[in-house]
Amino acid sequence: MADVVALVFDFDDTLAPDSTSGFLEDIGVDAASFWKNEVGPLLEHEDWDPVPAYLHRMIELSRAGSHGAITRARLQDWGERLPLHEGVDSLFERLRARLHEAHPQVQLEFYLISSGIGDVLRRTPVARHFTDIWASEFTYDSADAIDFPRRIVSFTDKTRYLFHIQKGIFGQESRNKPFEVNRKVDADKLRVPFEQMIFVGDGYTDIPCFSLIRRSGGVAFGVWDPRHKEKRSRAWGFIEDGRVSNLNHARFGEDAELYQLLEAAVESLASKIVLRTRMYRG
């Protein structure tokens with residue numbers, strides 16, 4: 001085992017407002033109508049999964065040409081400009097500094113697992129802080145326009161990447177080895193056991209991760225954006241079902257309760273790692 005605490009984030013409505021809706025609005029699309037009138041019928045009447053449904057409708061939108069082709073360059077440009085929630089821009093440096101002060105021998109790593117679009121997320125101002133980013137991906141045609149879903153990250157797909165973190169399978173070396181995550185690893189050789197992970201998310205696609213991390217001794221935080229009060233009841237359901245350890249506004253400033261709880265959770269898991277190390281050496 002490595003002396004590592006892994007802090008794993010969802011992105012949309014967790015670290016930032018919904019990035020896909022923001023992109024659609026940025027290119028002149030009525031995002032509310034897109035989700036209700038384009039994606040909604042696929043879910044309600046044609047038994048589509050939500051993530052491939054929205055990716056499919058985006059490809060159709062691009063090909064229709066009414067708002068211009070959706071190219072990799074346009075997605076990346078939006079990633080560089082999209083807004084982040086309060087405090088996210090400095091969140092990672094603050095947490096690392098606090099842990100280094102308390103337990104300098106323990107590393108803090110950040111990961112991103114999202115159903116959003118990878119070419120957007122990898123260009124955000126905070127992307128450089130993540131050891132790895134897993135998200136939904138497109139292939140592109142000869143004109144650089146979105147052509148077909150290359151990767152879909154939805155529901156239990158997200159837990160797959162928790163196992164990547166657990167076994168230390170990440171980065172460029174892991175990209176062409178899709179079955180490597182299924183290899184058996186003895187418990188004492190896992191790089192980051194689930195009990196050394198913290199997961200932060202907001203939505204239904206995060207429920208499998210919430211459940212896996214909580215059941216395995218880690219910490220799961222549910223968040224909701226106070227600007228979207230209609231999502232509060234959904235978030236409260238995570239508490240009632242015992243899926244999350246706590247529920248907070250998606251605010252990460254120095255004085256925000258969520259940030260302070262994250263700081264405490266990181267330090268607590270690090271303390272357990274230090275204690276375990278000393279017991280082994282004793």
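- Counting all heavy atoms, side chain and backbone alike, Gly222 lies closest to Phe210 at CA-CZ, 4.1 Å.
- Here the closest non-hydrogen pair linking Leu258 and Asn248 is CB-CB, 3.8 Å.
- Side-chain contact between Phe11 and Thr124 is present, with at least one heavy-atom pair separated by less than 4.5 Å.
- Considering only residues two or more places apart in sequence or on other chains, Glu137 meets the side chain to side chain donor-acceptor pair (under 3.5 Å) condition with Arg122.
- Scored by the salt bridge (charged side-chain N to carboxylate O under 4.0 Å, His left out) test, Asp141 finds no partners at all (sequence neighbours excluded).
- With sequence neighbours excluded, the residues forming a side-chain contact (heavy atoms from CB on, under 4.5 Å) with Gln107 are Val4, Glu109, listed by chain and number.
- Formation of a donor-acceptor pair under 3.5 Å by the Ser211 side chain with backbone atoms of Pro208 is not found in this model.
- Legend: residues meeting side chain to side chain donor-acceptor pair (under 3.5 Å) with Ser115, ordered by chain and number and at least two apart, are absent.
- With a 4.5 Å cut-off on side-chain heavy atoms, Arg160 and Pro178 count as touching.
- Atom CG of residue Leu262 and atom CZ of residue Phe221 lie 5.0 Å apart, to the nearest 0.5 angstrom.
- For His67 (side chain) and Ile27 (main-chain N/O), no donor-acceptor pair under 3.5 Å exists by modelled atom type.
- Once rounded to the nearest 0.5 Å, the distance linking CZ of Phe110 with CD1 of Ile198 reads 9.0 Å.
- Applying the side-chain contact (heavy atoms from CB on, under 4.5 Å) criterion to Pro83, with sequence neighbours excluded, gives Pro17, Trp78.
- A distance of 3.5 Å separates OH of Tyr140 from CG of Asp119, quoted to the nearest 0.5 Å.
- Under the side-chain contact (heavy atoms from CB on, under 4.5 Å) criterion, Gln105 pairs with His103, Val274, sequence neighbours left out.
- Enclosure of atom CG in Asn182 by more than 12 non-hydrogen atoms of other residues, nucleotides or ligands within 6.0 angstrom is indicated.
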Could you go through Val223 and Phe9, starting from their C-alpha distance and side-chain angles, then the distance that decides it, and tell me whether this counts as side chain to side chain contact (heavy atoms under 4.5 Å, CB included)? CA-CA 11 Å; Val223 302; Phe9 290 95; over 6 Å; no

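- Scanning both residues, Ile70 and Leu61, for their nearest heavy atoms gives CD1-CD2, 4.2 Å.
- Here the CD-CG distance, from Glu44 to Leu42, works out to 9.5 Å after rounding to the nearest 0.5 Å.
- Looking only at side-chain heavy atoms (C-beta outward), Val8 and Cys209 stay at 4.5 Å or farther from each other.
- The closest donor-acceptor contact from the side chain of His164 to the backbone of Ile169 lies under 3.5 Å.
- Between Ile59 and Pro149, some side-chain heavy-atom pair lies under the 4.5 Å cut-off.
- With sequence neighbours excluded, the residues forming a ring pair (Phe, Tyr, Trp, His ring centres under 6.0 Å) with Phe170 are Tyr111, listed by chain and number.
- Between Val88 and Leu15, the shortest heavy-atom contact is CG2-O, 3.4 Å.
- Counting heavy atoms from C-beta outward, Ser19 and Ile117 have side chains that stay 4.5 Å or more apart.
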Could you walk me through whether Tyr54 and Leu24 pass side chain to side chain contact (heavy atoms under 4.5 Å, CB included), step by step? CA-CA 12 Å; Tyr54 97 77; Leu24 293 171; over 6 Å; no

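- Residue pairs meeting the salt bridge (Lys or Arg N to Asp or Glu O under 4.0 Å) criterion with at least one member in residues 19-29, sequence neighbours excluded: Asp26-Arg81.
- Heavy atoms of other residues, nucleotides or ligands lying less than 6.0 angstrom from NE2 of His100 number 12 at most.
- Using modelled atom types, no side-chain atom of Thr139 and backbone atom of Arg150 make a donor-acceptor pair closer than 3.5 Å.
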All N/O donor-acceptor pairs, side-chain side in residues 32-41, below 3.5 Å, sequence neighbours left out:
from: Ser33; atom 1: OG; to: Asn37; atom 2: ND2; distance (Å): 3.0
from: Trp35; atom 1: NE1; to: Ser21; atom 2: OG; distance (Å): 2.8

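- A salt bridge is defined here as a Lys NZ or Arg NE, NH1 or NH2 lying under 4.0 Å from an Asp or Glu carboxylate O, and Arg57 with Glu60 meets this definition.
- Without hydrogens or angle criteria, Ser216 side chain to Leu212 main chain gives a donor-acceptor distance under 3.5 Å.
- Note: His129 and Phe92 have parallel aromatic rings, judged against thresholds of 30 and 60 degrees for the angle between ring planes.
- Among residues two or more places apart in sequence or in another chain, the salt bridge (charged side-chain N to carboxylate O under 4.0 Å, His left out) test is passed with Glu180 by Arg183.
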Steps toward side chain to side chain contact (heavy atoms under 4.5 Å, CB included) verdict (Gln166, Met197): CA-CA 9 Å; Gln166 181 201 51; Met197 293 187 196; 3.9 Å; yes

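- The pair Arg175-Asp132 meets the salt-bridge criterion, with a side-chain N (NZ, NE, NH1 or NH2) lying under 4.0 Å from an Asp/Glu carboxylate O.
- Counting only heavy atoms from C-beta outward, the side chains of Trp134 and Ile165 approach each other to under 4.5 Å.
- With rounding to the nearest 0.5 angstrom, the CZ atom of Phe163 is 9.5 Å from the CG atom of Leu190.
- To the nearest 0.5 Å, atoms CG (Leu82) and OG1 (Thr20) are separated by 10.0 Å.
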Distance-only criterion, 3.5 Å: show the donor-acceptor pairs between side-chain atoms of residues 152-159 and protein atoms not counting sequence neighbours.
from: Ser154; atom 1: OG; to: Asp49; atom 2: OD2; distance (Å): 3.2
from: Asp157; atom 1: OD2; to: Ser154; atom 2: N; distance (Å): 2.9
from: Lys158; atom 1: NZ; to: Asp10; atom 2: OD1; distance (Å): 3.1
from: Lys158; atom 1: NZ; to: Thr205; atom 2: OG1; distance (Å): 3.2
from: Lys158; atom 1: NZ; to: Asp206; atom 2: OD1; distance (Å): 2.6
from: Thr159; atom 1: OG1; to: Thr156; atom 2: O; distance (Å): 2.6

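- Smallest separation of non-hydrogen atoms from Phe130 and Leu112: CD2-N, 3.7 Å.
- Closest approach of Glu254 and Tyr259 over heavy atoms only: O-CD2, 3.6 Å.
- Side-chain contact annotation: Arg94 with Ser90, donor-acceptor N/O pair under 3.5 Å present.
- Every residue meeting the side-chain contact (heavy atoms from CB on, under 4.5 Å) condition with Arg98, not counting sequence neighbours, appears here in chain and number order: Glu101, Ala102, Glu263, Glu267.
- Proximity of a side-chain donor or acceptor of Arg74 to a complementary backbone N or O of Ala69 within less than 3.5 Å is detected.
- At a threshold of 4.0 Å, the pair Asp3-Arg276 counts as salt-bridged, since one of the basic side-chain nitrogens sits closer than that to a carboxylate oxygen.
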